[in-house]
There are 2 protein chains.
Amino acid sequence: MYTVKEVAQKINLTEHTIRFYTDKGLVPNIQRDKYNTRLFDEASLNWLIRVKYLKDCGMSIKDIKHFVDLYLEGDSSILTRYEIILKYKEIAQEQLEEAARRVKFMEKKVKHYLEIINQDISDDTTPR
Amino acid sequence: MYTVKEVAQKINLTEHTIRFYTDKGLVPNIQRDKYNTRLFDEASLNWLIRVKYLKDCGMSIKDIKHFVDLYLEGDSSILTRYEIILKYKEIAQEQLEEAARRVKFMEKKVKHYLEIINQDISDDTTPR
DNA sequence: CCTTGACTTCGTGTTACTCGAATGCAGTAC
DNA sequence: GTACTGCATTCGAGTAACACGAAGTCAAGG
């Protein structure tokens with residue numbers, strides 16, 4: 001069983017964000033101890049990780065909540081959930097391509113700047 | 001010379017966003033015609049593309065504005081700009097890795113769902 | 001001349017946090 | 001036994017980056 005703080009370190013989210021997510025119902029069956037402290041078991045932790053992945057694919061809080069609700073409905077919602085996951089897998093793939101383009105662009109820029117800087121140094125007749 | 005609408009289509013941003021960016025000073029030397037309409041030449045368009053890349057690397061509007069101001073200062077700011085670009089190149093690389101992890105995760109999920117669904121169908125003795 | 005359509009500014013609304021204040025409980029320090 | 005420390009809680013306000021709609025301008029077409 002982990003506290004909010006421990007989970008925050010584990011999966012690199014802020015404590016605020018984790019409380020925000022649990023309050024929004026994105027982690028089903030989250031437990032509390034007698035002092036009302038949130039306690040995460042392995043299942044809750046895994047849910048939170050799933051939530052993070054979906055969010056990073058661009059799914060809104062509302063839609064994640066909807067997905068969680070589908071899960072809680074049980075097996076009858078499996079096909080719907082599959083279609084959602086499939087859609088977000090494709091989004092993830094597009095994001096991967098975009099990220100690759102960004103890296104390329106930034107590398108080009110770095111190279112560009114290096115050329116300018118090196119040229120300036122060799123042109124520079126006055127020592128530092 | 002392109003209008004806001006044309007630029008929006010070209011680089012896949014909304015017109016709102018483009019006006020928002022220009023109003024924040026993220027596109028230096030943006031021109032206007034006599035009716036006060038924003039007009040983008042190639043240089044402005046390229047700036048906007050650069051802004052988009054930096055933003056997608058997670059740079060805030062404020063920091064992009066700062067970067068633009070450095071550019072307007074001229075050659076004296078080249079080293080500073082280089083360092084910023086270098087930093088965001090690394091961020092872009094981390095994002096690429098994260099994106100790859102996301103794709104992997106989503107592919108795993110898709111596979112998982114497919115297994116469940118197929119099993120259900122073969123278990124199902126009643127025809128549709 | 002009036003409508004259509006593309007542009008403008010301005011001001012409010014939305015999402016997803018983000019922060020801080022006020023409060024509560026538990027364990028140690030004296 | 002009470003004061004302090006530390007970690008947790010809730011709640012409400014603040015922020016960033018748009019997103020949207022209203023209200024207005026202009027110029028060209030029917």
Side-chain angles (χ1 to χ4, degrees), chain A residues 1-27 29-41 44-45 47-69 88 91 95 98 102, chain B residues 1-27 29-41 44-45 47-69 88 91 95 98 102:
Chain A
M1 293 295 218
Y2 313 106
T3 64
V4 169
K5 192 174 198 177
E6 287 163 349
V7 172
Q9 288 168 344
K10 250 180 209 293
I11 66 175
N12 202 29
L13 284 176
T14 71
E15 297 178 38
H16 278 295
T17 303
I18 291 171
R19 293 204 186 93
F20 178 72
Y21 285 173
T22 58
D23 291 351
K24 291 274 168 178
L26 306 190
V27 182
N29 308 320
I30 176 117
Q31 300 190 52
R32 304 267 189 157
D33 70 7
K34 57 176 172 170
Y35 311 118
N36 206 27
T37 298
R38 291 168 186 80
L39 285 182
F40 291 77
D41 55 14
S44 297
L45 182 58
W47 257 107
L48 200 51
I49 292 170
R50 252 169 277 178
V51 165
K52 204 191 168 201
Y53 275 116
L54 289 175
K55 187 221 72 181
D56 288 345
C57 288
M59 199 190 279
S60 72
I61 299 290
K62 205 192 271 179
D63 288 351
I64 296 174
K65 169 70 174 149
H66 178 229
F67 184 80
V68 172
D69 289 344
Y88 278 94
I91 291 175
Q95 284 181 350
E98 278 246 354
R102 273 203 295 279
Chain B
M1 294 295 220
Y2 313 107
T3 64
V4 169
K5 193 173 198 178
E6 287 164 347
V7 172
Q9 288 169 344
K10 248 179 210 291
I11 66 176
N12 202 29
L13 284 176
T14 71
E15 298 178 39
H16 277 298
T17 303
I18 291 171
R19 294 204 185 92
F20 178 72
Y21 285 174
T22 57
D23 290 353
K24 291 274 170 178
L26 306 190
V27 182
N29 309 320
I30 176 115
Q31 300 189 51
R32 304 268 189 156
D33 69 7
K34 57 178 172 170
Y35 312 118
N36 206 26
T37 297
R38 290 168 188 80
L39 285 181
F40 292 77
D41 55 14
S44 298
L45 182 60
W47 256 107
L48 200 52
I49 292 170
R50 253 169 275 178
V51 164
K52 202 191 169 201
Y53 275 116
L54 289 175
K55 186 219 74 184
D56 288 345
C57 288
M59 197 190 279
S60 72
I61 299 290
K62 205 193 270 180
D63 287 352
I64 295 175
K65 170 68 174 149
H66 179 228
F67 185 79
V68 172
D69 289 345
Y88 278 93
I91 290 174
Q95 284 181 349
E98 278 246 353
R102 273 203 296 278

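Heavy-atom basis, side chains included; hydrogens, waters and symmetry copies ignored.
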Student: Measure the shortest side-chain to side-chain distance between A/Arg102 and B/Cys57 over non-hydrogen atoms and say whether it is less than 4.5 angstrom.
Tutor: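 Result yes, sub-4.5 Å side-chain heavy-atom pair found.
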
Student: Can you tell me how far the CD1 atom of B/Ile11 sits from the CD1 atom of B/Ile49, to the nearest 0.5 Å?
Tutor: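 Here the interatomic distance stands at 5.5 Å.
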
Student: Mind calculating the distance between NE2 (B/His16) and C1' (C/dA6) to the nearest angstrom?
Tutor: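 For the pair B/His16 NE2 and C/dA6 C1', the rounded distance is 13 Å.
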
Student: Could you tell me how far apart B/Ile64 (CD1) and D/dA16 (P) are, to the nearest whole angstrom?
Tutor: 14 Å

Student: Can a side chain N or O of A/Arg38 be found less than 4.0 Å away from OP1 or OP2 on D/dA8?
Tutor: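 It does not, given that no N or O in the side chain of A/Arg38 lies less than 4.0 Å from OP1 or OP2 of D/dA8.
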
Student: In this structure, how many angstroms lie between the P atom of D/dC18 and the CD1 atom of B/Ile61, rounded?
Tutor: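 In whole Å, D/dC18 P and B/Ile61 CD1 are 5 Å from each other.
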
Student: Could you tell me how far apart B/Glu15 (CD) and C/dT9 (C1') are, to the nearest whole angstrom?
Tutor: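 Going from B/Glu15 (CD) to C/dT9 (C1'), I get 15 Å.
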
Student: Is the number of heavy atoms from other residues, nucleotides or ligands under 6.0 Å of A/Asn12 CG greater than 12?
Tutor: no

Student: If you compare every side-chain N and O of B/Tyr35 against the phosphate oxygens of D/dA27 (OP1, OP2), does one of them come in below 4.0 Å?
Tutor: yes

Student: Pick the nucleotide of DNA chain C nearest each of A/Lys55 and B/Arg19; which residue has the one closer to the 5' end?
Tutor: B/Arg19

Student: Take the protein atom CG of B/Asp23 and the nucleotide atom C1' of C/dT9, then report the distance between them rounded to whole Å.
Tutor: 9 Å

Student: Let me confirm one number: the NZ-OG1 distance from A/Lys24 to A/Thr17, rounded to the nearest 0.5 Å.
Tutor: 12.5 Å

Student: Side chain of A/Thr17: nearest nucleotide among D/dC18, C/dT8, C/dT18?
Tutor: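 For A/Thr17, the side-chain atoms sit closest to C/dT18.
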
Student: Starting from P on D/dT10, measure out to CZ on A/Phe20 and report it in whole angstrom.
Tutor: 14 Å

Student: For B/Thr3 and C/dC7, is the shortest distance between a side-chain N/O and OP1 or OP2 below 4.0 Å?
Tutor: yes

Student: Could you tell me how far apart B/Ile18 (CD1) and C/dT8 (P) are, to the nearest whole angstrom?
Tutor: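 Atom-to-atom, B/Ile18 to C/dT8, this comes out as 10 Å.
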
Student: A/Lys5 has a side chain; which of D/dC18, C/dC19, D/dC7 sits nearest to it?
Tutor: D/dC7

Student: Taking the side chain of A/Ser60 as its heavy atoms from C-beta onward, which of C/dA16, D/dT9, D/dA17 lies nearest to it?
Tutor: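 Side chain of A/Ser60 sits closest to C/dA16.
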
Student: Please give, in whole Å, the distance from C/dA6 C1' to B/Asn36 CG?
Tutor: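 My rounded result for the distance is 14 Å.
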
Student: Nearest nucleotide by nearest heavy atom, which residue falls closer to the 5' end of DNA chain D, B/Lys34 or B/Lys62?
Tutor: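 Nearer the 5' end of the strand: B/Lys62.
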
Student: Tell me whether A/Asn29 at atom CG has more than 12 heavy atoms from other residues, nucleotides or ligands lying less than 6.0 Å away.
Tutor: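 Open.
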
